[in-house]
K.L.:
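What follows is a structure written as C-alpha coordinates; I'll ask about it next.
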Amino acid sequence: MALHGRVALVTGGAQGIGRAVAEALLKNAAKVALVDLNKQVGEDCKKILDQEFGEGNCIFLQCDVTDRGKLQDAFESTVQEFGKLDIVINNAGINNEKNWEKTIEVNLTSVIKGTYLALEHMSKEHGKDGGVIVNVSSMAAFLHSPQQPVYTATKYGVIGFTRAMADAAEEGNYGVRINVLCPAFVDTPLLQSIEQEDNMGKFVKYKDVFKEKMHKFGVLPPSLIAEGTLRLITDNSLNGAVMKITCSKGIHFHTYEALSV
Ligand SMILES: NC(=O)C1=CN([C@@H]2O[C@H](COP(=O)(O)OP(=O)(O)OC[C@H]3O[C@@H](n4cnc5c(N)ncnc54)[C@H](O)[C@@H]3O)[C@@H](O)[C@H]2O)C=CC1
Ligand SMILES: CC/C=C\C[C@H](O)/C=C/C=C\C=C\C=C\C(=O)[C@@H](O)C/C=C\CCC(=O)O
(Lines give C-alpha, C1' and ligand atoms only; values in the text may rest on other atoms or scores of the structure.)
(Ligands and ions follow the chains in the order given, each with its own letter.)
Protein backbone atom coordinates (compact mmCIF):
# COMPACT_ATOMS: atom_id res chain seq x y z
CA MET A 1 0.00 0.00 0.00
CA ALA A 2 1.44 3.40 -0.99
CA LEU A 3 0.94 6.00 1.70
CA HIS A 4 0.29 9.17 -0.35
CA GLY A 5 -3.29 10.30 0.29
CA ARG A 6 -4.05 7.38 2.61
CA VAL A 7 -5.99 8.02 5.83
CA ALA A 8 -4.70 6.56 9.11
CA LEU A 9 -6.13 6.39 12.63
CA VAL A 10 -3.51 6.04 15.37
CA THR A 11 -4.61 5.32 18.94
CA GLY A 12 -2.26 6.66 21.59
CA GLY A 13 -1.07 9.03 18.87
CA ALA A 14 -0.33 12.04 21.08
CA GLN A 15 3.11 10.88 22.27
CA GLY A 16 5.70 8.15 22.20
CA ILE A 17 5.49 5.45 19.56
CA GLY A 18 2.07 6.63 18.31
CA ARG A 19 3.34 10.13 17.66
CA ALA A 20 6.43 8.82 15.88
CA VAL A 21 4.21 6.68 13.64
CA ALA A 22 1.94 9.66 12.97
CA GLU A 23 4.93 11.82 11.99
CA ALA A 24 6.24 9.13 9.65
CA LEU A 25 2.82 8.79 8.00
CA LEU A 26 2.53 12.58 7.56
CA LYS A 27 6.06 12.69 6.08
CA ASN A 28 4.73 10.27 3.46
CA ALA A 29 1.74 12.51 2.65
CA ALA A 30 -0.84 10.45 4.50
CA LYS A 31 -3.61 12.02 6.58
CA VAL A 32 -3.69 11.14 10.27
CA ALA A 33 -6.24 11.07 13.09
CA LEU A 34 -4.51 11.19 16.46
CA VAL A 35 -6.78 9.38 18.93
CA ASP A 36 -5.71 9.83 22.53
CA LEU A 37 -6.99 10.17 26.09
CA ASN A 38 -4.67 13.08 26.88
CA LYS A 39 -6.32 16.28 25.61
CA GLN A 40 -3.51 18.69 26.37
CA VAL A 41 -0.71 16.54 24.96
CA GLY A 42 -2.86 15.67 21.95
CA GLU A 43 -3.70 19.27 21.12
CA ASP A 44 -0.06 20.32 21.57
CA CYS A 45 1.04 17.45 19.32
CA LYS A 46 -1.45 18.46 16.62
CA LYS A 47 -0.24 22.07 16.70
CA ILE A 48 3.35 20.95 16.15
CA LEU A 49 2.41 18.52 13.39
CA ASP A 50 0.30 21.22 11.67
CA GLN A 51 3.32 23.55 11.74
CA GLU A 52 5.59 20.85 10.30
CA PHE A 53 3.27 19.27 7.74
CA GLY A 54 0.67 21.95 7.05
CA GLU A 55 -2.87 22.29 8.32
CA GLY A 56 -5.59 19.93 7.15
CA ASN A 57 -3.47 16.75 7.29
CA CYS A 58 -3.95 15.85 10.93
CA ILE A 59 -6.80 15.91 13.44
CA PHE A 60 -6.78 15.22 17.16
CA LEU A 61 -9.70 13.34 18.68
CA GLN A 62 -9.78 13.04 22.45
CA CYS A 63 -11.00 9.54 23.21
CA ASP A 64 -10.65 6.83 25.83
CA VAL A 65 -10.19 3.69 23.74
CA THR A 66 -11.82 1.62 26.51
CA ASP A 67 -15.10 3.45 25.82
CA ARG A 68 -16.44 1.62 22.78
CA GLY A 69 -18.94 4.35 21.91
CA LYS A 70 -16.29 7.06 22.03
CA LEU A 71 -13.90 4.90 20.00
CA GLN A 72 -16.64 4.31 17.42
CA ASP A 73 -17.23 8.09 17.32
CA ALA A 74 -13.51 8.61 16.68
CA PHE A 75 -13.61 6.23 13.71
CA GLU A 76 -16.69 7.97 12.34
CA SER A 77 -15.21 11.45 12.87
CA THR A 78 -12.08 10.37 10.99
CA VAL A 79 -14.10 9.19 7.98
CA GLN A 80 -16.25 12.33 8.16
CA GLU A 81 -13.13 14.54 8.13
CA PHE A 82 -11.05 12.75 5.50
CA GLY A 83 -13.68 10.83 3.53
CA LYS A 84 -12.30 7.32 4.10
CA LEU A 85 -10.11 5.11 6.30
CA ASP A 86 -7.19 2.97 5.05
CA ILE A 87 -4.90 2.31 8.02
CA VAL A 88 -5.53 1.67 11.74
CA ILE A 89 -2.73 1.46 14.31
CA ASN A 90 -4.00 0.06 17.63
CA ASN A 91 -1.13 1.43 19.67
CA ALA A 92 -2.57 2.89 22.91
CA GLY A 93 -1.25 0.97 25.89
CA ILE A 94 -0.41 1.31 29.56
CA ASN A 95 1.84 -0.36 32.08
CA ASN A 96 -0.12 -0.78 35.32
CA GLU A 97 0.23 -3.90 37.45
CA LYS A 98 -1.60 -2.23 40.33
CA ASN A 99 -4.76 -1.55 38.32
CA TRP A 100 -4.20 -4.64 36.21
CA GLU A 101 -7.82 -4.81 35.11
CA LYS A 102 -7.31 -1.43 33.42
CA THR A 103 -4.21 -2.77 31.70
CA ILE A 104 -6.23 -5.61 30.21
CA GLU A 105 -8.94 -3.13 29.14
CA VAL A 106 -6.53 -0.81 27.34
CA ASN A 107 -3.83 -3.18 26.05
CA LEU A 108 -5.98 -6.10 24.92
CA THR A 109 -9.74 -5.48 25.02
CA SER A 110 -9.40 -2.09 23.29
CA VAL A 111 -7.08 -3.54 20.64
CA ILE A 112 -9.83 -6.07 19.91
CA LYS A 113 -12.44 -3.27 19.81
CA GLY A 114 -10.17 -1.20 17.57
CA THR A 115 -9.62 -4.13 15.23
CA TYR A 116 -13.33 -4.85 14.89
CA LEU A 117 -14.13 -1.16 14.35
CA ALA A 118 -11.35 -1.01 11.76
CA LEU A 119 -12.91 -3.93 9.89
CA GLU A 120 -16.33 -2.25 10.01
CA HIS A 121 -14.77 0.73 8.25
CA MET A 122 -12.34 -1.02 5.86
CA SER A 123 -13.36 -4.63 5.21
CA LYS A 124 -14.92 -5.78 1.94
CA GLU A 125 -17.34 -7.81 4.10
CA HIS A 126 -18.77 -4.40 5.03
CA GLY A 127 -18.68 -3.11 1.47
CA LYS A 128 -15.50 -1.14 2.00
CA ASP A 129 -12.29 -1.01 -0.05
CA GLY A 130 -9.81 -2.80 2.24
CA GLY A 131 -6.89 -1.56 4.34
CA VAL A 132 -4.19 -2.41 6.86
CA ILE A 133 -4.30 -2.86 10.63
CA VAL A 134 -1.22 -2.89 12.88
CA ASN A 135 -1.67 -3.98 16.49
CA VAL A 136 1.04 -3.17 19.00
CA SER A 137 2.35 -5.95 21.23
CA SER A 138 5.84 -6.09 22.76
CA MET A 139 8.97 -8.16 23.13
CA ALA A 140 7.50 -8.87 26.58
CA ALA A 141 5.57 -11.56 24.69
CA PHE A 142 8.87 -13.32 23.90
CA LEU A 143 10.96 -12.50 26.92
CA HIS A 144 8.24 -12.37 29.55
CA SER A 145 8.68 -9.69 32.17
CA PRO A 146 8.38 -11.07 35.75
CA GLN A 147 7.89 -7.49 36.91
CA GLN A 148 4.88 -7.11 34.56
CA PRO A 149 2.83 -10.34 34.58
CA VAL A 150 -0.44 -8.81 33.42
CA TYR A 151 1.20 -6.45 30.89
CA THR A 152 2.99 -9.54 29.55
CA ALA A 153 -0.30 -11.43 29.31
CA THR A 154 -1.94 -8.63 27.34
CA LYS A 155 0.93 -8.54 24.86
CA TYR A 156 0.82 -12.31 24.37
CA GLY A 157 -2.91 -11.90 23.76
CA VAL A 158 -2.43 -9.20 21.12
CA ILE A 159 -0.20 -11.55 19.12
CA GLY A 160 -2.61 -14.48 19.31
CA PHE A 161 -5.64 -12.36 18.43
CA THR A 162 -3.87 -10.60 15.57
CA ARG A 163 -2.56 -13.81 13.99
CA ALA A 164 -6.01 -15.40 14.21
CA MET A 165 -7.67 -12.32 12.71
CA ALA A 166 -5.12 -12.23 9.90
CA ASP A 167 -6.10 -15.79 8.94
CA ALA A 168 -9.80 -14.88 9.22
CA ALA A 169 -9.23 -11.84 6.99
CA GLU A 170 -7.48 -13.98 4.35
CA GLU A 171 -10.07 -16.79 4.46
CA GLY A 172 -12.92 -14.26 4.43
CA ASN A 173 -11.39 -12.11 1.67
CA TYR A 174 -11.75 -8.98 3.80
CA GLY A 175 -9.18 -7.11 1.70
CA VAL A 176 -7.53 -6.14 5.00
CA ARG A 177 -4.03 -7.16 6.12
CA ILE A 178 -3.49 -7.41 9.89
CA ASN A 179 0.01 -7.48 11.42
CA VAL A 180 1.54 -7.20 14.90
CA LEU A 181 4.48 -5.15 16.12
CA CYS A 182 6.70 -6.28 19.03
CA PRO A 183 9.20 -3.62 20.05
CA ALA A 184 11.74 -4.11 22.83
CA PHE A 185 12.31 -1.14 25.14
CA VAL A 186 11.61 2.20 23.44
CA ASP A 187 12.57 5.69 24.63
CA THR A 188 9.11 7.03 25.50
CA PRO A 189 7.37 8.38 28.63
CA LEU A 190 5.99 4.89 29.27
CA LEU A 191 9.40 3.84 30.64
CA GLN A 192 8.99 6.25 33.54
CA SER A 193 6.16 4.10 34.87
CA ILE A 194 8.59 1.47 36.20
CA GLU A 195 9.57 3.90 38.98
CA GLN A 196 5.97 4.47 40.12
CA GLU A 197 4.27 2.40 42.81
CA ASP A 198 0.96 3.58 41.35
CA ASN A 199 1.90 1.68 38.19
CA MET A 200 4.01 -1.19 39.39
CA GLY A 201 2.30 -1.97 42.72
CA LYS A 202 4.28 -4.60 44.64
CA PHE A 203 6.61 -5.02 41.63
CA VAL A 204 8.08 -1.53 42.12
CA LYS A 205 10.67 -3.09 44.44
CA TYR A 206 12.12 -4.76 41.36
CA LYS A 207 12.64 -1.47 39.47
CA ASP A 208 16.44 -1.86 39.57
CA VAL A 209 16.14 -5.34 38.05
CA PHE A 210 13.98 -3.80 35.32
CA LYS A 211 16.54 -1.04 34.73
CA GLU A 212 19.32 -3.64 34.47
CA LYS A 213 17.29 -5.42 31.80
CA MET A 214 16.86 -2.17 29.90
CA HIS A 215 20.59 -1.55 30.15
CA LYS A 216 21.32 -5.10 28.94
CA PHE A 217 18.92 -5.03 25.97
CA GLY A 218 19.20 -1.33 25.14
CA VAL A 219 16.54 1.28 24.43
CA LEU A 220 15.27 1.93 20.91
CA PRO A 221 14.38 5.30 19.33
CA PRO A 222 10.66 5.68 18.51
CA SER A 223 11.66 6.52 14.93
CA LEU A 224 12.83 2.92 14.35
CA ILE A 225 9.47 1.61 15.54
CA ALA A 226 7.80 3.99 13.10
CA GLU A 227 10.03 2.64 10.31
CA GLY A 228 8.95 -0.91 11.12
CA THR A 229 5.30 0.11 11.28
CA LEU A 230 5.46 1.71 7.83
CA ARG A 231 6.95 -1.50 6.47
CA LEU A 232 4.05 -3.52 7.91
CA ILE A 233 1.68 -1.06 6.20
CA THR A 234 3.34 -0.77 2.80
CA ASP A 235 4.55 -4.36 2.18
CA ASN A 236 1.50 -5.99 0.60
CA SER A 237 3.01 -9.44 1.14
CA LEU A 238 2.68 -9.09 4.94
CA ASN A 239 -0.42 -10.47 6.65
CA GLY A 240 -0.25 -12.13 10.07
CA ALA A 241 3.37 -10.99 10.32
CA VAL A 242 4.95 -10.76 13.78
CA MET A 243 7.58 -8.03 13.57
CA LYS A 244 10.16 -7.82 16.35
CA ILE A 245 12.33 -4.74 16.81
CA THR A 246 15.32 -5.05 19.14
CA CYS A 247 18.68 -3.32 19.63
CA SER A 248 20.46 -6.62 18.95
CA LYS A 249 18.72 -7.56 15.67
CA GLY A 250 16.93 -4.42 14.53
CA ILE A 251 13.74 -5.00 12.52
CA HIS A 252 13.12 -8.73 12.03
CA PHE A 253 10.29 -11.22 12.02
CA HIS A 254 9.35 -14.06 14.35
CA THR A 255 8.76 -17.33 12.53
CA TYR A 256 6.58 -20.13 13.85
CA GLU A 257 6.92 -23.83 13.12
CA ALA A 258 4.39 -24.84 10.45
CA LEU A 259 1.40 -26.65 11.99
CA SER A 260 1.43 -30.32 11.02
CA VAL A 261 -2.35 -30.45 10.55
N1 LIG B 1 7.91 2.15 25.41
C2 LIG B 1 8.25 0.86 25.33
O3 LIG B 1 9.31 0.43 25.83
C4 LIG B 1 7.37 -0.09 24.62
C5 LIG B 1 6.02 0.19 24.37
N6 LIG B 1 5.26 -0.76 23.75
C7 LIG B 1 3.85 -0.51 23.50
O8 LIG B 1 3.73 0.58 22.58
C9 LIG B 1 2.48 1.26 22.78
C10 LIG B 1 2.74 2.74 22.95
O11 LIG B 1 3.56 2.88 24.08
P12 LIG B 1 4.47 4.18 24.33
O13 LIG B 1 4.40 5.09 23.16
O14 LIG B 1 5.77 3.72 24.82
O15 LIG B 1 3.66 4.81 25.56
P16 LIG B 1 3.37 6.30 25.98
O17 LIG B 1 2.86 6.20 27.37
O18 LIG B 1 4.52 7.18 25.68
O19 LIG B 1 2.16 6.72 24.99
C20 LIG B 1 0.95 6.02 25.07
C21 LIG B 1 -0.16 6.96 24.64
O22 LIG B 1 -1.38 6.22 24.77
C23 LIG B 1 -2.33 7.06 25.39
N24 LIG B 1 -3.34 6.27 26.11
C25 LIG B 1 -3.17 5.54 27.22
N26 LIG B 1 -4.33 5.01 27.61
C27 LIG B 1 -5.27 5.41 26.72
C28 LIG B 1 -6.66 5.21 26.59
N29 LIG B 1 -7.35 4.49 27.48
N30 LIG B 1 -7.29 5.78 25.53
C31 LIG B 1 -6.61 6.52 24.63
N32 LIG B 1 -5.28 6.76 24.70
C33 LIG B 1 -4.63 6.21 25.74
C34 LIG B 1 -1.54 7.94 26.34
O35 LIG B 1 -2.25 9.13 26.65
C36 LIG B 1 -0.28 8.20 25.54
O37 LIG B 1 -0.39 9.36 24.76
C38 LIG B 1 1.86 0.60 24.02
O39 LIG B 1 0.92 -0.38 23.59
C40 LIG B 1 3.04 -0.11 24.69
O41 LIG B 1 2.64 -1.24 25.45
C42 LIG B 1 5.75 -1.98 23.34
C43 LIG B 1 7.06 -2.27 23.56
C44 LIG B 1 7.96 -1.36 24.20
C1 LIG C 1 7.65 0.39 31.35
C2 LIG C 1 7.94 -0.23 30.02
C3 LIG C 1 6.97 -1.30 29.78
C4 LIG C 1 7.08 -2.18 28.81
C5 LIG C 1 8.18 -2.08 27.80
C6 LIG C 1 8.13 -3.28 26.90
O7 LIG C 1 6.84 -3.50 26.41
C8 LIG C 1 8.59 -4.51 27.64
C9 LIG C 1 9.60 -5.24 27.17
C10 LIG C 1 9.98 -6.47 27.87
C11 LIG C 1 11.02 -7.23 27.48
C12 LIG C 1 11.97 -6.81 26.45
C13 LIG C 1 12.88 -7.73 25.97
C14 LIG C 1 13.88 -7.37 24.98
C15 LIG C 1 14.60 -8.37 24.40
C16 LIG C 1 15.62 -8.04 23.40
O17 LIG C 1 15.92 -6.90 23.13
C18 LIG C 1 16.29 -9.20 22.69
O19 LIG C 1 17.49 -8.74 22.04
C20 LIG C 1 16.64 -10.33 23.63
C21 LIG C 1 17.05 -11.56 22.83
C22 LIG C 1 16.16 -12.52 22.46
C23 LIG C 1 14.69 -12.41 22.79
C24 LIG C 1 13.99 -13.72 22.41
C25 LIG C 1 13.44 -13.68 21.01
O26 LIG C 1 13.87 -12.83 20.19
O27 LIG C 1 12.53 -14.48 20.74
Side-chain angles (χ1 to χ4, degrees), residues 9-22 34-45 60-68 70-71 74 89-97 99 102-111 113-114 134-152 154-159 180-196 199-200 203-204 206-207 209-211 213-222 224-226 228-229 242-250 252-256:
L9 182 151
V10 183
T11 70
Q15 70 179 36
I17 291 170
R19 174 170 173 169
V21 171
L34 305 168
V35 174
D36 203 292
L37 182 63
N38 193 319
K39 186 172 191 297
Q40 188 58 58
V41 173
E43 287 175 347
D44 292 348
C45 178
F60 168 66
L61 300 166
Q62 186 189 16
C63 166
D64 179 348
V65 295
T66 66
D67 180 327
R68 184 189 165 89
K70 292 281 193 301
L71 187 57
I89 313 294
N90 290 303
N91 163 75
I94 62 173
N95 172 49
N96 195 320
E97 294 297 329
N99 185 351
K102 187 73 176 175
T103 299
I104 292 172
E105 266 193 279
V106 177
N107 294 12
L108 181 55
T109 309
S110 300
V111 168
K113 287 175 186 168
V134 177
N135 291 332
V136 180
S137 174
S138 163
M139 278 300 295
F142 294 96
L143 217 66
H144 58 269
S145 181
Q147 301 83 19
Q148 304 171 283
V150 174
Y151 178 91
T152 298
T154 66
K155 296 305 183 177
Y156 266 84
V158 168
I159 292 176
V180 60
L181 180 66
C182 304
F185 299 109
V186 186
D187 185 12
T188 75
L190 185 71
L191 295 185
Q192 294 156 22
S193 63
I194 63 169
E195 307 264 2
Q196 309 300 323
N199 290 86
M200 299 300 285
F203 298 101
V204 73
Y206 299 121
K207 65 182 175 185
V209 174
F210 205 111
K211 286 178 178 176
K213 192 160 64 172
M214 288 166 58
H215 180 72
K216 175 183 176 184
F217 293 131
V219 179
L220 297 154
L224 185 63
I225 314 311
T229 305
V242 180
M243 178 182 278
K244 298 155 108 172
I245 306 180
T246 64
C247 291
S248 55
K249 296 182 184 175
H252 61 296
F253 292 89
H254 189 78
T255 54
Y256 294 86

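Keep in mind the model is a prediction, meaning the values are calculated, not measured. Every number for a ligand or one of its atoms is a count from 1 in the order of the listing.
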K.L.:
Does Asp187 approach ligand 1 within less than 4.0 angstrom via side chain, backbone, both or neither, non-hydrogen atoms only?
P.N.:
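No part of Asp187 comes within reach of ligand 1.
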K.L.:
Are any of the N or O atoms of Val35 closer than 3.5 Å to those of ligand 1?
P.N.:
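The answer is no, given that Val35 and ligand 1 share no N or O pair closer than 3.5 Å.
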K.L.:
Which ligand 1 atoms, with their elements, are less than 4.0 angstrom from a heavy-atom of Leu191?
P.N.:
3 (O)
K.L.:
Quick one: nearest non-hydrogen protein atom to atom 25 (C) of ligand 1, plus distance?
P.N.:
Ile94 CG2, 3.8 Å
K.L.:
Run the contact test for Cys247 against ligand 2 with a 4.0 Å cut-off on heavy atoms, strictly below, and give the result.
P.N.:
no
K.L.:
Pull out every atom of ligand 2 sitting under 4.0 Å from any heavy atom of Ile194, numbered as shown with elements.
P.N.:
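Those of ligand 2 that fall under 4.0 Å from Ile194 are 1 (C).
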K.L.:
Counting each atom of ligand 2 from 1 as listed, which ones have a heavy atom of Asn95 under 4.0 Å away?
P.N.:
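The list of qualifying atoms is 1 (C).
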K.L.:
Residue-level breakdown please: for Met139 versus ligand 1, do any non-hydrogen atoms fall below 4.0 Å on the side chain, on the backbone, on both, or on neither?
P.N.:
neither
K.L.:
Show me which atoms of ligand 1 lie under 4.0 Å from any heavy atom of Phe185.
P.N.:
3 (O)
K.L.:
Based purely on interatomic distance, does Pro183 place a nitrogen or oxygen under 3.5 Å from a nitrogen or oxygen of ligand 1?
P.N.:
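Between Pro183 and ligand 1, no N or O pair is found under 3.5 Å apart.
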K.L.:
Val65 and side chain to side chain contact (heavy atoms under 4.5 Å, CB included): which partner among Asn90, Leu37, Thr109, Leu71?
P.N.:
Leu71
K.L.:
Identify, for atom 30 (N) of ligand 1, the protein heavy atom at the shortest distance, and state residue, atom and that distance.
P.N.:
Val65 N, 3.0 Å
K.L.:
How close do Met200 and Asn95 get, counting heavy atoms only, and between which atoms?
P.N.:
SD-ND2, 3.3 Å
K.L.:
Among all protein heavy atoms, pick the one closest to atom 10 (C) of ligand 1 and tell me residue, atom and distance.
P.N.:
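Closest protein heavy atom to atom 10 (C) of ligand 1: Asn91 OD1, 3.1 Å.
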K.L.:
Identify, for atom 41 (O) of ligand 1, the protein heavy atom at the shortest distance, and state residue, atom and that distance.
P.N.:
Tyr151 OH, 2.7 Å
K.L.:
Among all protein heavy atoms, pick out the one at the shortest distance from atom 36 (C) of ligand 1; state its residue, atom name and that distance to 0.1 Å.
P.N.:
Asp36 OD2, 3.5 Å
K.L.:
For ligand 1, indicate whether the residue Cys182 contacts it via side chain, backbone, both or neither (heavy-atom separation under 4.0 Å).
P.N.:
neither
K.L.:
What do we get for Ala140 next to ligand 2 when only non-hydrogen atoms under 4.0 Å count, side chain, backbone, both or neither?
P.N.:
both
K.L.:
Run down the list Lys244, Lys207, Gln192, Gln196 and name the one with the heavy atom closest to atom 27 (O) of ligand 2.
P.N.:
Lys244
K.L.:
How are the rings of Tyr206 and Phe203 set relative to one another: parallel (under 30°), tilted (30 to 60°) or perpendicular (over 60°)?
P.N.:
tilted
K.L.:
Using a strict cut-off of 4.0 Å, indicate which atoms of ligand 2 neighbour a heavy atom of Thr246.
P.N.:
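Selected atoms, number and element: 16 (C), 17 (O), 18 (C), 19 (O).
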K.L.:
Identify the protein heavy atom lying closest to atom 22 (O) of ligand 1, giving its residue, its atom name and the separation to 0.1 Å.
P.N.:
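Scanning the protein heavy atoms, the shortest distance from atom 22 (O) of ligand 1 goes to Gly12 CA, 3.3 Å.
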K.L.:
For Asp64 and ligand 1, does the shortest N/O to N/O distance drop below 3.5 Å?
P.N.:
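So ligand 1 has an N or O lying under 3.5 Å from an N or O of Asp64.
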K.L.:
Kindly identify the option in Ala184, Ser138, Gly93 whose heavy atom sits closest to atom 6 (C) of ligand 2.
P.N.:
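Among Ala184, Ser138, Gly93, the closest heavy atom to atom 6 (C) of ligand 2 belongs to Ser138.
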K.L.:
Do any nitrogen or oxygen atoms of Val136 lie less than 3.5 angstrom from nitrogen or oxygen atoms of ligand 1?
P.N.:
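There is no such contact.
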K.L.:
What about His254: any of its N or O atoms under 3.5 Å from an N or O on ligand 2?
P.N.:
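Checking ligand 2 against His254, no N or O pair falls under 3.5 Å apart.
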K.L.:
Taking both backbone and side-chain atoms of Thr188, is any N or O found less than 3.5 Å from an N or O belonging to ligand 1?
P.N.:
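N/O-N/O distance below 3.5 Å exists for this pair.
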K.L.:
Can you pull out the closest protein heavy atom to atom 13 (O) of ligand 1? Residue, atom name and distance to 0.1 Å, please.
P.N.:
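Looking only at protein heavy atoms, the one closest to atom 13 (O) of ligand 1 is Ile17 N, 2.8 Å.
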K.L.:
Give the atoms of ligand 1, by number and element, whose distance to some non-hydrogen atom of Cys63 is under 4.0 Å.
P.N.:
30 (N), 31 (C)
K.L.:
Could you list the atoms of ligand 2 found under 4.0 angstrom from a heavy atom of Leu191?
P.N.:
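Ligand 2 atoms under the 4.0 Å threshold to Leu191: 1 (C), 2 (C).
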K.L.:
Hey, does Gln148 sit under 4.0 Å from ligand 2 if you only count heavy atoms?
P.N.:
yes
K.L.:
So which atom in Asp36 and which in Ala14 form the shortest heavy-atom distance, rounded to 0.1 Å?
P.N.:
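Residues Asp36 and Ala14, closest heavy atoms: OD2-N, 3.1 Å.
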K.L.:
Based purely on interatomic distance, does Lys155 place a nitrogen or oxygen under 3.5 Å from a nitrogen or oxygen of ligand 1?
P.N.:
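Min N/O separation from ligand 1 is below 3.5 Å for Lys155.
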K.L.:
Determine, using heavy atoms of Asn107 and all atoms of ligand 1, whether some pair is separated by less than 4.0 Å.
P.N.:
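No, Asn107 has no heavy atoms under 4.0 Å from ligand 1.
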K.L.:
Closer than 4.0 Å to some heavy atom of Ala184 - which atoms of ligand 1 meet that?
P.N.:
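By the 4.0 Å cutoff, the relevant atoms are 3 (O), 43 (C), 44 (C).
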K.L.:
Quick one: which of Gly18, Gly93, Gly16 has a heavy atom closest to atom 20 (C) of ligand 1?
P.N.:
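Minimum heavy-atom distance to atom 20 (C) of ligand 1 goes to Gly93.
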K.L.:
Quick one: nearest non-hydrogen protein atom to atom 16 (P) of ligand 1, plus distance?
P.N.:
Gln15 NE2, 3.4 Å
K.L.:
Going by the angle between their ring planes, with limits at 30° and 60°, are Phe217 and Phe185 parallel, tilted or perpendicular?
P.N.:
parallel
K.L.:
Measure Pro222 to ligand 1 on non-hydrogen atoms and call it side chain, backbone, both or neither using the 4.0 Å cut-off.
P.N.:
neither
K.L.:
Within 45° of the six-membered ring axis of Phe210 and under 6.0 Å from that ring's centre, is NZ or CZ of Lys213 located there?
P.N.:
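Judged by the rule, Lys213 and Phe210 form a cation-pi pair.
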